[in-house]
Structure formats: structure tokens, C-alpha cells
Student: 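Submitted below is the structure of interest, expressed as C-alpha cells.
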Amino acid sequence: MDLFSAPAPESARQRVAELTRLIDYYNHEYYMNDNSVVSDFEFDALLRELVDLERQYPELSLPTSPARRVGGEVNKSFRQVEHRFPMLSLGNTYSIEEIEDFESRTRKLLDGVPFSYTCELKYDGVAIGLTYKKGKLVQAVTRGNGTVGDDITSNARTIGTIPLQLRGDFPPDMEARGEVVYPFEAFEAMNRLREAEGEPPFANPRNAASGSLKLQDSSECAKRKLMFCLYFIMLPSGLEADNPAFASHAARMEAAKQMGFKVQPYMKECKDIRDIKAFIDYWDRERWNLPFGIDGVVIKVNQTSLWDQLGTTAKSPRWAIAYKFKAERVSTPLLDVSYQVGRTGIITPVANMQPVWLGGTTVKRATLNNADFMAKLDIHEGDSLLVEKGGEIIPKIVGVDLDKRLPNSKPLQYATVCPVCGTPLVRPDGEAGHYCPNQDGCTPQIIGHLEHFVSRKAMNIESLGTERLQLLFDSGLVHNVADLYDLTRPKLIGLGEGTSSTIQEKGAENIMNAIELSKQVPFERVLFALGIRYVGEVGAKKLARHFGNMDSLMAADIDQLAAVEDVGQVTAAALFDYFRQDAHRLIINRLRDAGLQMQMVQNIVGSALQGLTFVVSGVFQHFSRDQIKSSIEQNGGKVTGSLSGKTSYLLAGENMGPEKLKKAEKLGIPIISESDYEAMITTQS
């Protein structure tokens, strides 16, 4: 039976329709009205049910399905799209005098015609345009150069505040424009997660939002919890004349709210420059109390019928202007510099400063990044540092207050040894950071490795948080990850007595059960859990699939390691060095003896592809790239990264690179589509 063409039963259609209705309602209440109608657990259960049904019956999966929120589409290259309406930039100013000039000039141009202004917050995010046809989201495009932008539709669908299907009355053809922002709470949570996994934190919410929209895997974008805030509706010419609801900017925003968009509640209609100044002054003070970043105020002529009369310059409309807040900056004395040691040994210098109030919070610490950054600023002992905070939540050091420099002060010298274990620091060629190479004897690195090993994406050993790992280390029970598998209930019960981390009998049982469950974790995650320098989650998967087992991986030389897709010489050298150390080989052998998975376990479901070799390229409708590769292997086939005379088929999705197509044609390799592939694994199984 062809599972991919079997019609869905009526019961499945009805359940998908009901789930879609419920999830859309819960989403709208949560994102638009800040109202949690059901618990996260109940919501996730409904969403999982919908995803499973649509995976089982692909014909029921519509572009407007809330299942698209979880992502899963992979986009290797973002298609360039021309904007139907140019995406002009607003004229910016930091001067109230220029706002006064704008207001005076507008009144003169309109020559007695009655009008008003709208003032609204200027989001500190990434501008995008959303095209809706008959109420359905059909395309999302970044600003780009104003004429051409990147198609980010698959990622935009994952953002909860972007309606996939408009509600109520809506124009048959419209474009919604707004900013994608990274709310502070979600941004901080993501940075905490990245630091726990040994990844560098994002510098600021704006850059993180921009990078998130260009992630190739939309499911990763979905995890970022971005927010879309609408500020503009573009309509085909003449439509506003037919509908008074679109005759002013304020009316359009109210109509957009009824359609299901998140519209800022802070917009205010102003009649003159006095009202405008009052709005600017208020939000210059209050901006730090918002849950997201803003960097100014946008002033627009409210009556849209006057926009054509006012016209545009080459780059900006004459009916709107943006006032940008100055980044708040203070000068405060440097007390000392401390050096933090990360999980991978990376050293981060931190300036400890005299506490100072800045942008709504007390600031007393800020990163100095690395030795090059400190040298560029030319920081001396006893200097006062200039600290700045714009529309961001992380303060940054932007310079030295030279007017306060002490006479005869000496330049700060960067640390030469690890502040914890005293090992001389190392700085590899071509890298900005120093690191401590004593990974097996430096306490912060040991604790960091243990935290990484038990983390959700690695071994997922629940019940072992930072405090308990520190307790195990301090008690002498655990010095490396292999020691975790020597733990017993009697050793754990009563540990840390008299402290908040005391392990009771139930806690000991939970820890031992979680450790036992971790033995089922697949090989690629075991490899990732080892925390080898430069080997991330994706790299570990590719290495595991390429070599198949730990012994083959450990025996590989640098050239063989570097030949793996996306590994490269630097990572290959780190792997080679790691496996050459006796202490690491001993740990791996102990983990093997404890029962951890040290080879890929293929979940073979058929032999339809036995003896066939595939190269996979492009984006697919029913599979992510990883899923389709896994499917090939489960059906007895082999996946390689490059075309050769031994390649049986090139499996081509949308947006496949032209060079691979040319090479396949030159070598005479058959090119098959996703539907061809599905037929191969269903008709032959």
C-alpha cells in the first residue's frame, strides 16, 4: 500500500480541522491577549497530535496550519525576492530641532488641510514584509536593500505573532510590515542555554533576531520565541477610498488588530509639535520598562490620503520621520578585571566597575571580550570606563574616559596563567581568545564538562543540576563523566546533608534511574556529550554517521577527519589531539563498559535501497534533510556528500544548487525527485 497517496479518512479530516481551530484560538489568546487558556502541557499535546496527523496524511497539511509553527523546513539558500512596494527607510534624526522642522515643513506643504500625527515606538529589530492573498500568508521577505530582500517564509511561519490566516474582515490582497524583535526574557533564556552548552552568548537581541531569521532549519528558528510587531499596512492603490477603515494609519492599525496582528498599544494620535515632544520625552524615560527593545519614536501623518500629496524623496517618505534616542552612556571607575573560565577553557575578561545606574538597571560588570579588545581600548590601571546601553539589555564598554586617567598609570596586562589552576594560557593562531589547556584538571572546566554531559541535548540525565554536580565533585565522588556511572544509591543518599542540595532517598533513586536511561542515548549524542572542542551537535551527528562507531573515529587520522562534511582542519586537529590522550581513551573505555552506545544503531525498516548510494540536495516537502538521509539509511541505502561515478542517484529537492545538477548530468547520474524516492521505498518494501 502506498502510504503517501492513501486518502485520509473523514475522521482524520475532522480531527485536523478541530485541532486547527483550537490551537489557532489558544495561540491568538496567548500572543494577542496575554491570556493562557490552557496549560503548556495541554497545548503541546494538541500540537503534537496535529503534527502527527499531518505527517501521516500530508494532504491535510495546509500552509495555514498551526503545525507550521514548529518548523522543520530546511532552506540552504534564501531566494531573493523583489518587493512589490519599495521598502523605504525612514529619515532618522537625534535632534528635536529637526523634528520641529519636519512638523513645520509638513504644515506648510499641506497648506491649511486639517490633519493629525500618530506617534509610535520604533522597534529595535528586523524589518520584514508579509504578503497575504485572500487572508493567507503566502510570503515573508526581509527589507534587504529596500528593492530586493530574502524570502524567509518558512522561518516566519514559526513566529507565533504572525497570523497564518487572517481573521474577520480583511482585504483580498495586502502586505503587512513590521519588525521582528527578540523579547528580553526569551533572549536571556536563550543566552543562558547557550552558555550552559558552552556556546558564546548572543551580543544583543537585534542581531540575534536577524540571525534567527536566516537559520537554515526553521525548527531552530521556532525555538527562539521571536515576536512580530506590526507597524504598517500596504494596500493596492485606491482601496482606502473604498473602505473608511483604511483611510488613516490609526484606523489601519485597529483593523490589523481585528485581523489577528499584534499591534503596539502605545501608539498615540497627536495634533501638534507639543504633543509629539511630550510623547518622545515620556518614552525616553520609560523605554527601559518595556519587555523588548526600542531605539526611538516614529512620527507619521495619520491621514493616508495625504501621503501621495506629501510624496517621497529617493530613500524616505516625506510624511514620516523617526526620532532616535541617544544611547545612554556613563563613566564609572574600573575596580579590577577578573577572568572567567568557560567549559571549553576559553578565558573571558570581565571589568568589575563601581556600580552605576544605567538604562533602568544597576551596572557593575561588563565583558571586555578578549585581549585584542582590551588592547584596542588601551585600558590603564585606575581608568574610568565609558559604558553604554542603547536598546539592548547587555551593557557594553565603548571606551575609556581619558579626562579621568590618572598620571603615570600603566596599561593593563592580560592574564598569562589560568586564574583557577595556574596553567599557562594558550592562544591558537588565528583566534581572538586565550584558553586554559588543562581541561581535565581545571575545576570550572570539569564542572562545565559535567553540566554539558548531562544536558538535555547530550545525555539528558535529569535530576543532576549544577548544584548537585558541584556537590558530587566536592565530595570526591565524581571527577570526570565516567565517574557518574560508578555512582550507587548508598553513595548518594544523605550527600550534602544540612544544605539545600541534600540528596534524599527519592532523589538518589531519580538520579540512578536517569543515569540508567542515558545508556539508551544514541552514539551521535554520546559523542556530542564528550564536549570535544569545536564539536557541536550537528558536527557530532556527521562524524557519527561517517565513521559509524567510536573505534573507527578514534583510529582516524587528521586528513580522514577533515574529509567529513563541514568538519575542517581545526576541528579535525582538536579531535585527533583529544583521542591521542590516554586519559580520554580511558574515559571512553569506561563509558563503553558502563553500557553507553559506541556505534550507530541503524533502525532498518526495509532493504529497498540495499547497495544504492545517494547524494541529497535541496529542500523537501515531507522530510527535513536529516530525516530523508535517515530514511535512506533505514531502507538499506548509503548517503554521501559528493557526487562520483559510484553515486546511484541524486535526490533533488527544491532550490538545489546548479553545480550539483550539472555534475550529475555530466556523470550520467539519474536525478530523482522526492515523490520518486517515496515510490522507491513504498512499492519495493
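For this chain, numbers begin at 1 and follow the sequence in order.
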Student: Are L487 and L472 side-chain neighbours, meaning at least one heavy-atom pair lies under 4.5 Å?
Tutor: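 Counting from C-beta outward, L487 and L472 do come under 4.5 Å.
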
Student: Would you check if there is a donor-acceptor pair between the side chains of D150 and Q80 at a distance under 3.5 Å?
Tutor: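 Indeed, the side chains of Q80 and D150 share at least one donor-acceptor pair under 3.5 Å.
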
Student: Output yes when D217 and K223 qualify as a salt bridge under the 4.0 Å nitrogen-oxygen rule, no when they do not.
Tutor: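 Result for this pair is no, no salt bridge flagged.
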
Student: Taking T502 for its side chain and G496 for its backbone only, find out whether a donor-acceptor pair lies under 3.5 Å.
Tutor: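 Side chain of T502 to backbone of G496, a donor-acceptor pair under 3.5 Å: yes, one is there.
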
Student: So, the side chain of H452 versus the backbone of G448: is there a donor-acceptor pair under 3.5 Å, distance only?
Tutor: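 No, the answer is negative, given that no donor and acceptor are paired below the 3.5 Å cut-off.
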
Student: Hey, can you tell me if F473 and H479 have their rings parallel, tilted or perpendicular (30° and 60° cut-offs)?
Tutor: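 The arrangement is perpendicular - the two ring planes meet at more than 60°.
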
Student: For the residue pair R533 and Y435, would you count it as a cation-pi contact if the rule is NZ or CZ under 6.0 angstrom from the ring centre and within 45 degrees of the ring axis?
Tutor: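 Geometry flag: set, cation within 6.0 Å and 45°.
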
Student: Testing the basics here: between D440 and A583, what is the closest heavy-atom pair and its distance to 0.1 Å?
Tutor: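 Closest pair (atom of D440, atom of A583, distance): OD2-CB, 4.5 Å.
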
Student: I need the E98 CD to T93 OG1 distance, nearest 0.5 Å.
Tutor: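 It is 3.5 Å, given to the nearest 0.5 Å.
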
Student: Has the side chain of T348 got a donor or acceptor atom that lies under 3.5 Å from a matching backbone atom of Q340?
Tutor: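 No; judged by distance alone, with no hydrogens or angles, the pair does not exist.
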
Student: So, applying side chain to side chain contact (heavy atoms under 4.5 Å, CB included) with K324, which one of L90, N92, V297 is it?
Tutor: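 Option passing the side chain to side chain contact (heavy atoms under 4.5 Å, CB included) with K324: N92.
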
Student: Check Y182 against A208 and note the closest heavy-atom contact, atom names and distance.
Tutor: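 Here Y182 and A208 meet closest at CD1-CB, 3.6 Å.
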
Student: Can you list the steps and then say if D401 with R329 is a salt bridge (charged side-chain N to carboxylate O under 4.0 Å, His left out)?
Tutor: CA-CA 11 Å; D401 190 345; R329 177 184 291 189; over 6 Å; no

Student: Got more than 12 heavy atoms from elsewhere within 6.0 Å of NZ, K376?
Tutor: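 No, because the 6.0 Å sphere around NZ of K376 holds 12 heavy atoms or fewer from other groups.
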
Student: Is a donor on one side and an acceptor on the other found under 3.5 Å between the side chain of R525 and the backbone of A458?
Tutor: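 Confirmed, R525 side chain pairs with A458 backbone.
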
Student: Any chance you could measure L358, atom CG, to E328, atom CD, to the nearest 0.5 Å?
Tutor: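 CD of E328 is found 5.0 Å from CG of L358.
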
Student: In terms of the angle between their ring planes, are F292 and Y123 parallel, tilted or perpendicular, with boundaries placed at 30° and 60°?
Tutor: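 Geometry flag for Y123 against F292: tilted rings.
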
Student: Side chains of T466 and E451 only: does a donor on one sit below 3.5 Å from an acceptor on the other?
Tutor: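 Looking only at side-chain atoms, E451 and T466 do form a donor-acceptor pair, the distance falling under 3.5 Å.
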
Student: Which atom pair, heavy atoms only, marks the closest approach of S384 to K404?
Tutor: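 Reported closest heavy-atom pair: OG-CD, 3.8 Å.
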
Student: Does the pair D378/R405 count as a salt bridge with the N-to-O cut at 4.0 Å?
Tutor: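 So D378 pairs with R405 through a salt bridge.
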
Student: Could you check whether any side-chain heavy atom of R456 comes within less than 4.5 Å of a side-chain heavy atom of E462, counting everything from C-beta outward?
Tutor: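 They are not in contact (no side-chain heavy atoms under 4.5 Å apart), so the answer is no.
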
Student: May I ask you to decide if S463's main-chain N or O and R468's side chain share a donor-acceptor pair within less than 3.5 Å?
Tutor: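 The answer is yes, because a donor-acceptor pair under 3.5 Å joins these two groups.
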
Student: Please determine whether side chain to side chain contact (heavy atoms under 4.5 Å, CB included) holds for the pair I96 and Y323, giving the CA-CA distance in whole Å, both sets of side-chain angles, and the decisive distance to 0.1 Å.
Tutor: CA-CA 8 Å; I96 285 291; Y323 176 83; 3.9 Å; yes

Student: In terms of heavy-atom contacts, does CG of N408 have more than 12 from other residues, nucleotides or ligands at under 6.0 Å?
Tutor: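 No, not enclosed.
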
Student: Is a donor on one side and an acceptor on the other found under 3.5 Å between the side chain of T142 and the backbone of G149?
Tutor: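 No: the side chain of T142 does not pair with the backbone of G149.
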
Student: Show, in sequence, the C-alpha distance, side-chain angles and deciding distance for Y485 and L596, and conclude whether the side chain to side chain contact (heavy atoms under 4.5 Å, CB included) test is met.
Tutor: CA-CA 10 Å; Y485 294 88; L596 272 66; 3.5 Å; yes

Student: Looking at K364, I want to see if its NZ is surrounded by more than 12 non-hydrogen atoms of other residues, nucleotides or ligands under 6.0 Å.
Tutor: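 No, the 6.0 Å shell around NZ holds no more than 12 heavy atoms from other groups.
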
Student: Nearest 0.5 Å please: distance from the CG atom of L553 over to the CD atom of Q560.
Tutor: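 If we round to the nearest 0.5 Å, L553:CG and Q560:CD are 10.5 Å apart.
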
Student: Side chain to side chain contact (heavy atoms under 4.5 Å, CB included) between V398 and L377: does it pass, once the steps are laid out?
Tutor: CA-CA 8 Å; V398 295; L377 291 183; over 6 Å; no

Student: With a 4.5 Å heavy-atom cut-off, do I588 and F579 have their side chains touching?
Tutor: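 Yes, their side chains come closer than 4.5 Å.
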
Student: Spell out, as yes or no, whether a donor-acceptor pair under 3.5 Å connects the side chain of Q597 to the backbone of K519.
Tutor: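 Side chain of Q597 to backbone of K519, a donor-acceptor pair under 3.5 Å: yes, one is there.
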
Student: For the backbone of E381 and the side chain of K410, can you confirm whether one donor and one acceptor N or O come within less than 3.5 Å of each other?
Tutor: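 No: the side chain of K410 does not pair with the backbone of E381.
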
Student: Any side-chain heavy atom of V526 sitting closer than 4.5 Å to one from M459?
Tutor: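 Yes. Closest side-chain heavy atoms under 4.5 Å.
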
Student: With a 4.5 Å limit on heavy-atom distance, are the side chains of L530 and L591 in contact?
Tutor: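 Answer yes - side chains close enough.
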
Student: Would you please test R590 and D483 for side chain to side chain contact (heavy atoms under 4.5 Å, CB included) and show each step?
Tutor: CA-CA 9 Å; R590 288 177 62 198; D483 290 338; 2.8 Å; yes

Student: Quick one: pull up NE2 in H584 and CD in Q439 and give me the separation to the nearest 0.5 Å.
Tutor: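 Result: 4.0 Å between the selected atoms.
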
Student: Judged by atom type as modelled, is there a donor-acceptor pair below 3.5 Å linking the side chain of E179 to the main-chain atoms of V126?
Tutor: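 The answer is yes, because a donor-acceptor pair under 3.5 Å joins these two groups.
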
Student: Using a 4.5 Å cut-off on heavy atoms from C-beta on, say whether the side chain of I162 contacts that of N155.
Tutor: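 No - every pair of side-chain heavy atoms lies 4.5 Å or more apart.
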
Student: Search all heavy atoms of G91 against all heavy atoms of I321 and return the closest pair with its distance.
Tutor: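 Looking at all heavy atoms of both residues, the closest pair is O-CG1, 3.3 Å.
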
Student: Any heavy-atom pair between the side chains of T362 and W357 that's under 4.5 Å?
Tutor: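 Sidechains of T362 and W357: in contact.
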
Student: Are any of the side-chain heavy atoms of T571 and V564 separated by less than 4.5 Å?
Tutor: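 A side-chain contact is absent here, since even the closest heavy-atom pair is not under 4.5 Å.
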
Student: At what distance, to the nearest 0.5 angstrom, does CG of N207 lie from OG of S212?
Tutor: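 These two atoms lie 10.5 Å from each other.
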
Student: Between D372 and R427 (salt bridge meaning N to carboxylate O under 4.0 Å), is one present in this structure?
Tutor: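 Judged by the 4.0 Å cut-off on N to carboxylate O distance, D372 and R427 do form a salt bridge.
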
Student: At their closest point, which heavy atom of P349 faces which heavy atom of N370, and how far apart are they?
Tutor: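 Closest heavy-atom pair between P349 and N370: CG-N, 3.9 Å.
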
Student: Check H449 against V481 and note the closest heavy-atom contact, atom names and distance.
Tutor: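 That closest heavy-atom pairing would be O-CG1, 4.3 Å.
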
Student: Between H380 (side chain) and S409 (backbone), is there a donor-acceptor pair under 3.5 Å?
Tutor: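 Yes, because the side chain of H380 sits within donor-acceptor range (under 3.5 Å) of the backbone of S409.
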
Student: How many angstroms lie between CG in L495 and CD1 in I511, if you round to the nearest 0.5 Å?
Tutor: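 These two atoms lie 8.5 Å from each other.
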
